[in-house]
S.K.: 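First, the structure itself, so that you have it in front of you.
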Amino acid sequence: MYTISLPDGSQREMPVGSTPADVAAAIGPGLAKAALAARVDGEVRDLGRPFEGDAELALITSRDEEDALELARHDFAHVLAEAVQAIWPGTQITFGPSTDDGFYYDVMAPEGRDPFGMDDLPKIEEKMREIIKADKPLRREAWSRQALIDKWKADGETFKAEWAAELPEGEELTVYWSGDDWMDMCRGPHLPSTGKLDPAAFKLMRVAGAYWRGDQANAQLTRIYGTGWLNKKQLAAHLHRLEEAGKRDHRKLGREMDLFHLQEEAHGSVFWHPKGYKIWRELEAYMRRAMDGGGYEEIKTPQVMDARQWEKSGHWGKYRENMFVIPDEVPNVEDEGPVISGDADWMALKPMNCPAHVQVFKQGITSYRDLPIRLGEMGCCHRNEPHGALHGLMRVRQFTQDDGHIFCTEDQVVEETRKFCQLAARVYADLGFEKFAIKLATRPEQRFGSDADWDKAEQELRDAVADAGMATEEFGWEELPGEGAFYAPKLEWHLTDAIGRTWQVGTIQSDRVLPERLDATYVGEDGGRHRPVMLHRAIFGSYERFIGILIENYAGKLPVWLAPTQAVVAPIVSDIDGYASEVLGRLEAAGIRCEADLRNEKINYKVREHSLKKVPHLLVVGKREQEEGTVAIRTLGQKDQRVMSLDEAVALLTAEATAPDLR
RNA sequence: GCUGCUGUAGCUCAGUGGUAGAGCGCGUCAUUGGUAAUGACGAGGUCGGGAGUUCAAUUCUCCCUAGCAGCACCA
């Protein structure tokens, strides 16, 4: 007999060979029916898997939402694969995990058939529902590695065979049967039967290409994505959330609010409209103040440099395919012949600012007494990004960084990094992001520099974050092995937005490679030449992307200090136009970005239109207001209005329009 | 770059092998109204670009290009 301990502290003696399902049945038929899986000594397992000794058991039901969702999504993925193979025999299956909101399965369409498309999804969904409704038992079975490889090969499942062959030799592998006509290799655990899934709680969302094992050199499979939940209500709620996220899309809001546009002739580069550029200018002014206050000196460096400079820095060899290269010659102006001869020297648009900053540092002789030197630049960079990567403001080919490079001694690295941590935290808080995570990306496989330098650099970053008091769970502190840049480890700042999404923005990297390659030195206390350490750092990352993030975070309803138009004065009847202009004049004199809407439209119309444009304050004026020298302020997102004197209104708007660091 | 999908008026989108439609927006006129759409009339499109099939292509086929979703990439 085994002793099974339950969460309520009770114990049951169960015969050898019994299973969690038996315990559930022994407790009561209701629980037996509701049980989905079991947590045995902390590990989630199948209900039907026998105990292997005394155990602590907790039965999992749909009330244990996290576990139940994980199980359901994993099972949806298997049902998806089974359905695809049932409809199109000869389809190869590969891999299908659960995701944050559902599941996917990577499949390879049978030879001679095009990859699956959106049109195929309804048919697959229907088959999936059939499988679920058939309530097929899911049964775990152990196989030897070799038997399984042979089975996959016999079935023509080359991907599965390849995968099984790479698992450790002699290891016992498990498969799961769905009924007795379909199986997949899987560690499990699974629900007891497909009928435990709710056929109305999933939806196939899209298809996409995905490389076998995530490697571009491998075959491209079709990845079928679905979202899966415990019940219909949860699915509906999720679809609603997606819809809400769609409403925040910065591309949509950018058009509606007339902030910027993109067009074919300059794809990946942004046309900023007057309203959008007002946000930019406000942010830039804010960042200038922040960097001035942090001891940075702003510079401006060339947009185009000789390719030899990029060879020295190492970028030419590693990133040339993503650089815009320009021939250093006069183009052929004749009608005939190629525009460029082909034997010209090459120049390149800068993809980053750091090599130029080293050139500034290198002018003259720097003493250790001058360090640290902090150079800042609103640096406009170009990167020839792969076409498929471009995405609104989030991934562009021309962008401006709030870039900075700190040249310092070995002894100053930790302190400078600590200061940066604090500066970044201040900036994010000022911009309304209450939550962020700091992560350390450590050495990648391909890298420059010695292991000793990497050891040191990584430890310095750890120490600096600890010194700043931010190496804690509260700050989401964690390490990302292998994610660093080729020349340096980096700290990354990940913001959490209003609907829980995260965005990587700021970074600091401690670099000993570039000063070496570009021969930057300073004179030390001993009179000898020494290498400075170079800290690459940015807080916004790129203005384009950061503005995109702000738009999505605020769903377009930017705080007043950032809003392109901070107030609109709207007279109710045209007799009041004169007073409206007077109000406008007062606001303008106070430096408020404002407009008067004197159009021949009803007040309802004006309220609606400016609300849709996310103008924070609408100052409505009618006969009453004119007589009393007041305005009726309607604030975005509020239904009621506040009537106040013009002086009070100016004071209120001025206060709200003041940047947080100037309050 | 890879896979799938899409490209029709300023915007959102219908539609068709016989050279196009709606709503909003825009213009004109009327209306002077109290907090999310006043009404009427009007202008506006080489149906992303190129080639092919056809008597005829916005529609069918191919190529290119851009966008969307994902993958890969992201110094």
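Here is the naming used below: chain letters follow the sequence lines, and residue numbers restart at 1 for every chain. Remember, predicted model here, so these are calculated numbers, not experimental data.
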S.K.: Return the value, rounded to whole Å, for the distance between atom OH of A:Y579 and atom C1' of B:G34.
M.R.: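 Checked: the OH to C1' distance equals 15 Å.
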S.K.: Given B:A36, is OP1 or OP2 found less than 4.0 Å from the side-chain N or O atoms of A:N604?
M.R.: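 So the side-chain polar atoms of A:N604 do come within 4.0 Å of the phosphate oxygens OP1 or OP2 of B:A36, strictly under.
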S.K.: A:K275: what forms a salt bridge (charged side-chain N to carboxylate O under 4.0 Å, His left out) with it, not counting sequence neighbours?
M.R.: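 Scan of A:K275 (salt bridge (charged side-chain N to carboxylate O under 4.0 Å, His left out), adjacent residues dropped) gives A:E595.
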S.K.: Starting at atom CD of A:Q263, determine the distance to atom C1' of B:G10, rounded to an integer number of angstrom.
M.R.: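 Those two atoms, CD and C1', are 13 Å apart.
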S.K.: Does NZ or CZ of A:R206 come closer than 6.0 Å to the centre of the six-membered ring of A:Y225, within 45° of the ring's axis?
M.R.: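 So A:R206 does make the cation-pi contact.
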S.K.: Quick one: stems involving RNA chain B, counted as three or more successive Watson-Crick or G-U pairs, both distances short of 3.5 Å.
M.R.: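 Consecutive-pair runs (3 or more) involving RNA chain B: B:1-7 with B:65-71, B:10-13 with B:21-24, B:26-30 with B:38-42, B:48-52 with B:60-64.
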S.K.: On RNA chain B, check which nucleotide each of A:R599 and A:I633 is closest to and give me the residue with the more 5' one.
M.R.: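 Final value for this comparison: A:R599.
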S.K.: Using atom CD of A:E265 as one end and atom C1' of B:G49 as the other, report the distance to the nearest whole Å.
M.R.: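 It works out to 11 Å between those atoms.
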S.K.: Output the single nucleotide from B:G34, B:G25, B:U32 whose closest atom is nearest the side chain of A:I603.
M.R.: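 When the side chain of A:I603 is considered, B:G34 is the closest of B:G34, B:G25, B:U32.
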S.K.: With rounding to the closest Å, how many angstrom separate the C1' atoms on B:A57 and B:G39?
M.R.: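 Per the computed distance, 41 Å lies between those C1' atoms.
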S.K.: With a cut-off of under 6.0 Å to the ring centre and 45° to the axis, is A:R73 in cation-pi contact with A:W229?
M.R.: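 Yes, a cation-pi geometry.
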S.K.: Determine the contact category for A:T222: base if any of its heavy atoms lies under 4.0 Å from a base atom, sugar-phosphate if only primed atoms, P, OP1 or OP2 are that close, otherwise nothing.
M.R.: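 Nothing, no heavy atom under 4.0 Å.
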S.K.: List the steps, then state whether salt bridge (Lys or Arg N to Asp or Glu O under 4.0 Å) holds for A:E460 with A:R512.
M.R.: CA-CA 12 Å; A:E460 284 164 350; A:R512 289 170 171 80; 2.8 Å; yes
S.K.: Using a 4.0 Å heavy-atom cut-off, does A:K602 contact any base of the nucleic acid, only the sugar-phosphate backbone, or nothing at all?
M.R.: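 A:K602: base contact, heavy atoms under 4.0 Å.
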S.K.: Can you list, in residue-number order, the parts of residues 300-308 of chain A that come under 4.0 Å of RNA chain B, counting heavy atoms only?
M.R.: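 None - not one residue of the stretch has a heavy atom sitting under 4.0 Å from the strand.
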S.K.: Using a 4.0 Å heavy-atom cut-off across all strands, classify A:E256 as base, sugar-phosphate, or nothing.
M.R.: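 Touches nothing.
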S.K.: Measuring only between side-chain heavy atoms, which start at C-beta, is A:Q509 closer than 4.5 Å to A:R537?
M.R.: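 When only atoms from C-beta onward are counted, A:R537 and A:Q509 do not touch, as no gap falls below 4.5 Å.
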S.K.: Who are the side-chain contact (heavy atoms from CB on, under 4.5 Å) partners of A:E157, not counting sequence neighbours?
M.R.: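 Residues passing side-chain contact (heavy atoms from CB on, under 4.5 Å) with A:E157: A:Q85, A:Q92, A:I93, A:W152, A:D155, A:K160.
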S.K.: Go through residues 619-629 of chain A and report each residue with a non-hydrogen atom lying under 4.0 Å from RNA chain B, sorted by number.
M.R.: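 Within this stretch, A:V620, A:G622, A:K623, A:R624, A:E625 sit under 4.0 Å of the strand.
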S.K.: Evaluate the criterion salt bridge (Lys or Arg N to Asp or Glu O under 4.0 Å) for residue pair A:R213 and A:E166; output intermediate values, then yes/no.
M.R.: CA-CA 13 Å; A:R213 295 161 160 248; A:E166 284 185 23; 3.0 Å; yes
S.K.: Between protein and nucleotides 69-75 of chain B, map the contacts as a letter string: B base, S sugar-phosphate only, - none, heavy atoms under 4.0 Å, written 5' to 3'.
M.R.: SBBBBBB
S.K.: Just jot down the salt bridge (charged side-chain N to carboxylate O under 4.0 Å, His left out) partners of A:K439, sequence neighbours excluded, or say none.
M.R.: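 A:K439: salt bridge (charged side-chain N to carboxylate O under 4.0 Å, His left out) contacts with A:E478.
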S.K.: Among A:Y104, A:F103, A:Y105, find the residue that satisfies the ring-ring contact (aromatic ring centres under 6.0 Å, His included) test when tested with A:F76.
M.R.: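 So the option named by the test is A:F103.
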S.K.: Taking the side chain as C-beta and beyond, is there a heavy-atom pair between A:T222 and A:M108 under 4.5 Å?
M.R.: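 A side-chain contact under 4.5 Å is absent here.
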S.K.: Carefully, step by step, assess A:R599 and A:E609 under the rule salt bridge (Lys or Arg N to Asp or Glu O under 4.0 Å).
M.R.: CA-CA 12 Å; A:R599 291 176 306 172; A:E609 181 157 299; 2.9 Å; yes
S.K.: Looking only at atom P, what distance separates B:C62 and B:U53, rounded to whole Å?
M.R.: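 The same atom, P, in both gives a distance of 15 Å.
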S.K.: For nucleotides B:G18 and B:U58, find the distance between their P atoms and express it as a whole number of Å.
M.R.: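 Roughly 11 Å separates the two P atoms.
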S.K.: What does A:I572 touch in the nucleic acid at a heavy-atom separation under 4.0 angstrom: a base, only the sugar-phosphate, or nothing?
M.R.: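 Base contact.
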S.K.: Who passes ring-ring contact (aromatic ring centres under 6.0 Å, His included) against A:H405, sequence neighbours left out?
M.R.: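 ring-ring contact (aromatic ring centres under 6.0 Å, His included) list for A:H405, sorted by chain: A:H357, A:H536.
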S.K.: List in chain and number order the residues that pass salt bridge (charged side-chain N to carboxylate O under 4.0 Å, His left out) with A:R223, two or more places apart in sequence or in another chain; answer none if no residue qualifies.
M.R.: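 Salt bridge (charged side-chain N to carboxylate O under 4.0 Å, His left out) check on A:R223 returns A:D106.
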S.K.: Taking only the C1' atom of each, what is the distance from B:U19 to B:U8 in whole angstrom?
M.R.: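 Roughly 13 Å separates the two C1' atoms.
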S.K.: Let me know the distance between CG of A:L262 and P of B:G7, rounded to the nearest Å.
M.R.: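 One finds 20 Å between P of B:G7 and CG of A:L262, rounded.
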S.K.: Is there a side-chain contact between A:N384 and A:E321, using heavy atoms and a 4.5 Å cut-off?
M.R.: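 No, their side chains stay 4.5 Å or more apart.
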S.K.: Does the gap between the ring centers of A:F260 and A:F271 come in under 6.0 Å?
M.R.: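 For A:F260 and A:F271, the ring centres are not under 6.0 Å apart.
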S.K.: Tell me, which pairs form a salt bridge (charged side-chain N to carboxylate O under 4.0 Å, His left out) where one or both residues lie in residues 247-257 of chain A, sequence neighbours left out?
M.R.: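 Qualifying pairs, neighbours excluded: A:E244-A:K247, A:D249-A:R251, A:K252-A:E256.
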S.K.: With the criterion being N/O to N/O and under 3.5 Å, what pairs connect the protein with nucleotides 45-48 of chain B, and how long is each?
M.R.:
none

S.K.: Taking only the P atom of each, what is the distance from B:G10 to B:A51 in whole angstrom?
M.R.: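 Taking atom P in both B:G10 and B:A51, they lie 24 Å apart.
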S.K.: Measure the distance from CG on A:L612 to P on B:U12 and round it to the nearest whole Å.
M.R.: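 For the pair A:L612 CG and B:U12 P, the rounded distance is 15 Å.
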S.K.: Using a heavy-atom cut-off of under 4.0 Å over every strand shown, decide if A:H267 touches base, sugar-phosphate, or nothing.
M.R.: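 Sugar-phosphate only.
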S.K.: Identify the heavy atoms of A:A632 and A:V643 that sit nearest to each other, and give their distance.
M.R.: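 That closest heavy-atom pairing would be CB-CG2, 4.1 Å.
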S.K.: Let me know the distance between NZ of A:K613 and P of B:U35, rounded to the nearest Å.
M.R.: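 In whole Å, B:U35 P and A:K613 NZ are 23 Å from each other.
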S.K.: Which whole number of Å gives the distance between the P atom of B:U59 and that of B:G49?
M.R.: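 Those two atoms are separated by 10 Å.
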S.K.: Quantified in whole Å, what is the C1' atom distance between nucleotide B:C13 and nucleotide B:G45?
M.R.: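 Taking atom C1' in both B:C13 and B:G45, they lie 15 Å apart.
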S.K.: Rounded to whole Å, please give me the gap between NZ in A:K252 and P in B:C68.
M.R.: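 Going from NZ in A:K252 over to P in B:C68 covers 15 Å.
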S.K.: Say you pick atom P in B:C68 and the same atom in B:U54; how far apart are they, in whole Å?
M.R.: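 About 38 Å, rounded to a whole number of Å.
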S.K.: Check every strand shown and say whether A:A632 touches a base, only sugar-phosphate, or nothing at a heavy-atom separation below 4.0 Å.
M.R.: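 Touches a base.
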S.K.: For A:R531, enumerate each residue passing the salt bridge (charged side-chain N to carboxylate O under 4.0 Å, His left out) test, keeping only those at least two apart in sequence or located in another chain.
M.R.: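 A:R531 satisfies salt bridge (charged side-chain N to carboxylate O under 4.0 Å, His left out) with A:E516, A:D519 once adjacent residues are dropped.
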S.K.: What is the distance, to the nearest angstrom, from the NE2 atom on A:H387 to the P atom on B:U65?
M.R.: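 The distance from NE2 of A:H387 to P of B:U65 comes to 8 Å, rounded to the nearest Å.
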